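Below is one structure, written out as structure tokens; comments come after it.
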2 protein chains.
Amino acid sequence: MTPPKNPHPVSPPIDGTDRAILEALTADGRMTNAALAARVGVAESTCANRVKALRESGVIAGISARVDPAAVGRPIQAVVRVHLASHNRAHVNELFDRLVAIPGALSVIHVAGDDDFVLLVAVPSPQRLRDMILEHITSHPAVTKTETQLVFEVRDGAGVLGPL
Amino acid sequence: MTPPKNPHPVSPPIDGTDRAILEALTADGRMTNAALAARVGVAESTCANRVKALRESGVIAGISARVDPAAVGRPIQAVVRVHLASHNRAHVNELFDRLVAIPGALSVIHVAGDDDFVLLVAVPSPQRLRDMILEHITSHPAVTKTETQLVFEVRDGAGVLGPL
DNA sequence: AATGAAAAGACCATAGG
DNA sequence: CCTATGGTCTTTTCATT
């Protein structure tokens with residue numbers, strides 16, 4: 001008999017090579033496979049296979065460009081916290097769908113606690129922030145209250161690859 | 001005499017082609033230059049030049065892999081809101097530096113409003129969330145209070161390229 | 001699984017319209 | 001801004017260990 005399998009069908013165990021690949025591609029997602037292989041110390045073909053496996057298993061959710069909101073006409077950012085009256089499942093899902101579709105929404109988080117949703121949005125001006133909240137958020141019947149905080153600065157954190 | 005120059009050294013105006021490039025690279029940051037050129041309808045040389053300019057001017061802040069936190073041992077996420085006693089500049093900056101260095105910190109936002117910082121963190125377990133907050137946040141002398149909300153789900157928003 | 005080597009493909013710089 | 005052409009670097013595939 002083989003020993004018990006990893007209970008997770010996806011996400012095969014991540015070894016040191018995989019972690020090094022993830023670190024490198026987090027820093028520079030367009031690094032060539034050749035450079036990546038050299039950096040992590042495996043053959044190019046091996047490296048290419050690892051990356052493919054990491055993408056197919058979803059460990060790498062995607063490789064994408066990060067666009068500076070200010071450079072495309074949205075210099076103001078805000079955190080908007082949304083409270084709901086009804087936690088009815090259909091209402092929550094429907095609102096979630098609406099929130100992610102708001103132009104300028106960067107991310108939408110459904111949370112447990114004081115609030116129900118926390119949004120990060122980027123807008124052209126404070127006036128447009130007000131319009132956005134009134135039109136897309138408080139207008140929804142399930143929303144009882146929003147609290148908005150102007151963003152001074154966003155910084156990426158240390159990320160997910162450090163020590164557990 | 002040449003006509004007056006664009007006053008902005010960085011961020012030259014973004015035209016439709018640039019927007020299309022940004023959209024494509026946001027969806028797939030590893031698209032080849034040839035594929036990108038075909039998609040946006042310009043010559044490959046033009047496309048390569050546009051992309052280079054967008055990167056150098058900072059409109060494209062970077063191209064990087066997004067790693068699924070759950071796949072690397074951090075299945076629990078939380079939003080942590082941090083209140084400060086002192087808004088002394090040196091204290092704020094020092095705390096900001098500490099917060100971004102916390103292992104598992106995904107992003108740290110300095111805001112104006114009820115809170116001073118809003119963090120998104122990914123941790124291995126609720127116990128480790130508690131440890132993280134006690135050790136790295138509430139232990140700081142300027143922090144008076146934190147409020148933590150468990151994350152049910154994070155979704156990317158429509159992003160920054162839609163209509164203004 | 002990992003490797004090395006060879007064929008196919010992508011990229012960059014250059015020059016000219 | 002487009003086309004075109006080299007030369008160089010990369011990716012991909014496959015037989016081998």
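Hydrogens, waters and symmetry mates play no part in the numbers below; they use all other heavy atoms, side chains included. Note that the structure is a prediction, hence the values are computed from the model and not measured. Residue numbers start from 1 in every chain, and the chains themselves are labelled A, B, ... in the order their sequence lines are given, proteins ahead of strands.
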Counting side-chain heavy atoms from CB outward, which of C/dC12, D/dT11, C/dC11 is closest to B/T32? C/dC11
Return the value, rounded to whole Å, for the distance between atom CZ of B/R30 and atom P of D/dT10. 12 Å
What is the separation between atom CG on B/N33 and atom P on D/dC2, rounded to the nearest whole Å? 12 Å
Atom-pair distance (CG on B/N49; P on D/dC1), nearest Å: 9 Å
For C/dA1, does either OP1 or OP2 sit under 4.0 Å from a side-chain N or O belonging to A/R50? no
Which nucleotide, C/dG4, D/dC2, C/dC11, lies nearest any side-chain atom of B/A34? C/dC11
If you measure only the distance, is there a donor-acceptor pair under 3.5 Å linking the side chains of B/D115 and A/Q149? yes
In whole angstroms, the gap separating P of C/dA10 from CE of B/M31 amounts to 13 Å
Worked check of side chain to side chain contact (heavy atoms under 4.5 Å, CB included) between B/T148 and B/V80: CA-CA 4 Å; B/T148 300; B/V80 182; 4.0 Å; yes
So does B/E44 get a backbone contact from the side chain of B/N33, meaning a donor-acceptor N/O pair under 3.5 Å? yes
Would you indicate, yes or no, if C/dT3 has its OP1 or OP2 atom less than 4.0 angstrom from a side-chain nitrogen or oxygen of A/S45? no
Is the shortest side-chain N/O distance from B/T46 to OP1 or OP2 of D/dC2 below 4.0 Å? yes
Quick check against the 3.5 Å criterion: does A/R30 have a side-chain atom that pairs as donor or acceptor with the backbone of B/G29? yes
Starting at atom CG of A/L54, determine the distance to atom P of C/dA1, rounded to an integer number of angstrom. 13 Å
What is the distance from NZ of B/K52 to C1' of D/dC1, rounded to the nearest Å? 16 Å
Under 4.0 Å, counting only non-hydrogen atoms across every strand here, what does A/E44 touch: a base, just sugar-phosphate, or nothing? base
